[in-house]
Amino acid sequence: MAETGRENIPGQPSDVLSHPIATIEPLENSNSLIEQKEKDAKNQGTIITEGKAQVHYAGSEDNVFYNPVQEFNRDLSIAVLREFALNHIKERDKSFVGETFLKPGESYEHGLNVLEALSASGLRSIRYAKEVGGLKNILANDLSSSAVESIKTNSQMNEVSHLITPNEGDASILMYQHKHKKIFHCVDIDPYGSPSPFIDAAVQCVTDGGLLMVTATDMAILCGNVPETCFAKYASVSIKTKACHEMALRIILQFLQTTAARYGRYIRPLLSVSVDFYVRLFVVVQTGKNECKSAASKLSMVYQCVGCHNLTWQPLMKSAEKRYSRAHGPPTDTKCEYCHSRLNFGGPLYSQPIHDLEFVQSLLTSLDNPELGELKTEKRIRGILSVISEELPNCPLYLSLDATASTLKLSVPSLVMFRSAILNAGYNVSLSHCYPLSIKTDAPMSVIWDLFQGFAKKQHPDKVWPRPLGDKASPTPADYILSRLVAVEADFTTHPKGNPSSRMQKLVRFQENPEKNWGPKCRAKANVRRNKADRQSEKKKPRLDVDCNTEK
């Protein structure tokens, strides 16, 4: 991670952090308001344009905390919020005759009340106001007084003050104050690091059937590097697996599900995306005590073999026709049945579908509507949504084709060839949007090993297959697996569905790192300006930062 040495506001989201600025007084002449403010802002700081919004940051460019990589996050959120707002108004306003377009910048009587809990400069809220139709009001909250002043200034400069209400306060306290009112149809939580401190309040204050949008950037914790910290934050033990990015999504969904269930609520995932250095989740929060009873049946523990990385699932409960029973276990022996290695244990994870494929398809359709305007990252959004629309919904996590081949000490088979072999064997297969060489399939692991052994035989026809285990003193996982008797003969003939549609269309599905030292920026620091003497004196004594809106 690059060290910038910037001074930022505490407790702000990962996309934009503002700084104390000199207040720009609004001009009497509305016709010259924007030009004059832009001129004054350029003299005092930096103007950044994203989408239809222009945001002012005071000071030199070295002090600007703006992460352009997060533009995809904001663009995707706009696309989701547009579709959700349209569906919301159609359901509640019987006189509404519009079909696919709501005019941005107008306050709709039956529109959405949106809370952006951690707003910083207000860029995200301003973009919502200028690019999403069907909104009633946006409450842009921040703990920092200077950030709230920045929100006011930027709202005036973009002429959306009638839609945006700035608020200074602690995000969690604000949401707790509204837990009985439940006036927010959408709550956006985009902190620096972990969203866990805000989830309890968020699932209580959002209205029944409302949208909760959550970002997490603490991927090292979610992906298995520090399982004890993952349990402390999300009540789930993460494991190291090649499917770690989808596991991160399922850990947070588990946390959302169990937190909501405490208050007689449950979640319905609309879209769960792992991209760049963060995950972004969109879930609907609904109320229903009977549905809360099924919460345990949506969660599972997982056993992972340390040798061949095979995964075995253990549901917490079973459900059938609203009747619930304890799940039987254990599902595996103390050692892996394929390579005789020990097993790691993790979870619970959310083991149900993590996307609403009907909603995903409606998002793809909305991207074709020219009235909605263009999003800069639209090509990438279309590519990722296309891959997600192809994902098998009931197959949690995925295999890494290259890592699995490496376990067997084989070269990596062609993706199309191996997908064809699975399809020819009578099973379903798809990619995952989390990884280019992913295999998501309903085929049992025994079939996967049979197909890999067929590939090994094709690659080395001069050797004896299955490979004799012989008198090896310490057989490796590859020795055990390649010595198995094959039950399913591999057929590598190209299948009509072997090459996924999104790949054939050459869509932008997996983006490379766009810049050097790419990743999340530095965490937030104090929001006061200090002279050089103050900074030098602080270096001589220990400092304790305490901020309820900042993840340590």
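Quick note: residue numbers are just sequence positions, from 1. Worth saying up front: this structure is predicted, and the values here are computed from it rather than measured.
- In this structure the side chain of M175 never reaches within 4.5 angstrom of the side chain of F184, judged on heavy atoms.
- Partners of R250 according to the salt bridge (Lys or Arg N to Asp or Glu O under 4.0 Å) rule, which considers only residues two or more places apart in sequence or in another chain, are E246.
- In terms of modelled atom types and a separation under 3.5 Å, the side chain of T258 and the main chain of F255 share a donor-acceptor contact.
- Side-chain atoms of I388 and V273, non-hydrogen and from C-beta on, do get closer than 4.5 Å to each other.
- Taken to the nearest 0.5 Å, the CD atom of Q156 stands 10.5 Å off from the CD1 atom of I126.
- In terms of heavy-atom proximity, L364 sits nearest to L385 at CD2-CB, 3.6 Å.
- Exactly one of K376, R380, R382 qualifies for a salt bridge (charged side-chain N to carboxylate O under 4.0 Å, His left out) with E378. That residue is R382.
- The side-chain hydrogen bond (donor to acceptor under 3.5 Å, both in side chains) check on Y176 picks up D200, with sequence neighbours excluded.
- Contact annotation: the side chain of V160 never approaches that of Y128 to less than 4.5 Å [non-hydrogen atoms, C-beta and beyond].
- The backbone N or O of S146 sits nowhere less than 3.5 Å from a side-chain atom of S150 that would complete a donor-acceptor pair.
- Under the 4.5 Å side-chain criterion, counting only non-hydrogen atoms from C-beta, N158 is in contact with Q54.
- Neither side chain, R82 nor S366, offers a donor N or O lying under 3.5 Å from an acceptor on the other.
- Separation of atoms CG (L174) and CG (L139) is listed at 5.5 Å; rounding is to 0.5 Å.
- Pairing each heavy atom of N154 with each of S121, the nearest pair is ND2-O, 3.1 Å.
- Put simply, the side chain of P104 does not reach to within 4.5 Å of the side chain of E131, judged on heavy atoms.
- Between T287 and D208, the shortest heavy-atom distance links the atoms N-OD1, 2.7 Å.
- When all heavy atoms are compared, the tightest approach of V148 to P166 is CG1-CB, 3.9 Å.
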Next item on the list: Test K318 against R326 for side-chain contact (heavy atoms from CB on, under 4.5 Å), laying out the working first.
Entry: CA-CA 6 Å; K318 292 183 177 180; R326 294 178 179 85; over 6 Å; no

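- Under the 3.5 Å distance criterion, the side-chain polar atoms of Y350 are left unmatched by any main-chain donor or acceptor of L249.
- Between the side chain of K130 and the backbone N or O of K52 there is at least one donor-acceptor pair closer than 3.5 Å.
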Notebook entry, point to check: Where do E109 and K136 land on the salt bridge (Lys or Arg N to Asp or Glu O under 4.0 Å) test, with the steps shown first?
Noted result: CA-CA 6 Å; E109 181 182 356; K136 184 176 182 180; over 6 Å; no

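- Heavy-atom neighbours of E374 CD from other residues, nucleotides or ligands within 6.0 Å: at or below the threshold of 12.
- Take S272 and apply the side-chain hydrogen bond (donor to acceptor under 3.5 Å, both in side chains) test, not counting sequence neighbours, and it matches no residue.
- At distances below 3.5 Å, at least one donor-acceptor pair connects side-chain atoms of D170 with backbone N or O atoms of S172.
- Side chains of N137 and T165: a donor on one and an acceptor on the other come within 3.5 Å.
- Only one option out of V214, D190, I189 pairs with F198 in a side chain to side chain contact (heavy atoms under 4.5 Å, CB included); it is I189.
- Separating the OG atom in S238 from the CD1 atom in I221 is a distance of 8.5 Å, to the nearest 0.5 Å.
- Of the possible donor and acceptor atoms, one in the side chain of N87 sits under 3.5 Å from a partner among the backbone N and O of E83.
- Here CG of N73 is found 4.5 Å from CZ of R280. Values are rounded to the nearest 0.5 Å.
- For the residue pair S125 and E116, a side-chain donor N or O sits within less than 3.5 Å of a side-chain acceptor on the partner.
- Rounding to the nearest 0.5 angstrom, the gap separating the CG atom in L112 from the OG1 atom in T207 is 10.5 Å.
- Of all non-hydrogen atoms in S236 and P348, the two that sit nearest each other are OG-O, 2.8 Å.
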Notebook entry, point to check: Could you walk me through whether R127 and D75 pass the salt bridge (Lys or Arg N to Asp or Glu O under 4.0 Å) check?
Noted result: CA-CA 9 Å; R127 289 201 62 191; D75 283 357; 2.7 Å; yes

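- Here Q254 pairs with nothing under the side-chain hydrogen bond (donor to acceptor under 3.5 Å, both in side chains) rule; sequence neighbours left out.
- Between R268 and D356 there is a salt bridge, with a side-chain nitrogen of the basic residue lying less than 4.0 Å from a carboxylate oxygen of the acidic one.
- Of the options V203, L281, I267, L270, a side chain to side chain contact (heavy atoms under 4.5 Å, CB included) to L212 is made by V203 and by none of the others.
- The closest donor-acceptor contact from the side chain of T365 to the backbone of Q361 lies under 3.5 Å.
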Next item on the list: Take I381 and L367, measure what side-chain contact (heavy atoms from CB on, under 4.5 Å) needs, and give me the verdict at the end.
Entry: CA-CA 9 Å; I381 292 174; L367 295 177; 4.0 Å; yes

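- In this structure, the side-chain hydrogen bond (donor to acceptor under 3.5 Å, both in side chains) partners of Y234, at least two apart in sequence or on a different chain, are S194, D218.
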Check: Between I183 and H178, does a side-chain contact (heavy atoms from CB on, under 4.5 Å) hold up when you go through it step by step?
Finding: CA-CA 7 Å; I183 62 172; H178 289 81; 3.7 Å; yes

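- Residues C186 and L115 form no side-chain contact, since every pair of their non-hydrogen atoms from C-beta on lies 4.5 Å or further apart.
- For T241, the side chain to side chain contact (heavy atoms under 4.5 Å, CB included) test picks out I239, A243, C244, M247, Q304, with sequence neighbours left out.
- Side-chain contact between R124 and S119: absent, with no pair of heavy atoms (C-beta onward) separated by less than 4.5 Å.
- Between the side chains of E71 and T377, not a single donor N or O lies within less than 3.5 Å of an accepting N or O.
- A donor-acceptor pair is defined here as one N or O able to donate and one able to accept, closer than 3.5 Å; no such pair exists between the side chain of K293 and the backbone of N290.
- For the atom pair OH of Y263 and SG of C292, the computed distance is 12.0 Å after rounding to the nearest 0.5 Å.
- Between H433 and H245, the distance separating the two ring centers is not shorter than 6.0 angstrom.
- Salt bridge status for D188 with R74: absent, with no side-chain N to carboxylate O gap under 4.0 Å.
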Margin query: Test side-chain contact (heavy atoms from CB on, under 4.5 Å) on I151 and E149; report intermediate values, then the result.
Written below: CA-CA 5 Å; I151 295 170; E149 288 300 318; over 6 Å; no

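- Side-chain N or O atoms of H56 include none that pairs as donor or acceptor with a backbone N or O of I47 at under 3.5 Å.
- Nearest heavy-atom pair, A129 versus L163, reported as atom, atom and distance to 0.1 Å: O-CD1, 3.8 Å.
- Within the 4.5 Å cutoff, the side chain of K298 has no heavy atoms near those of the S351 side chain.
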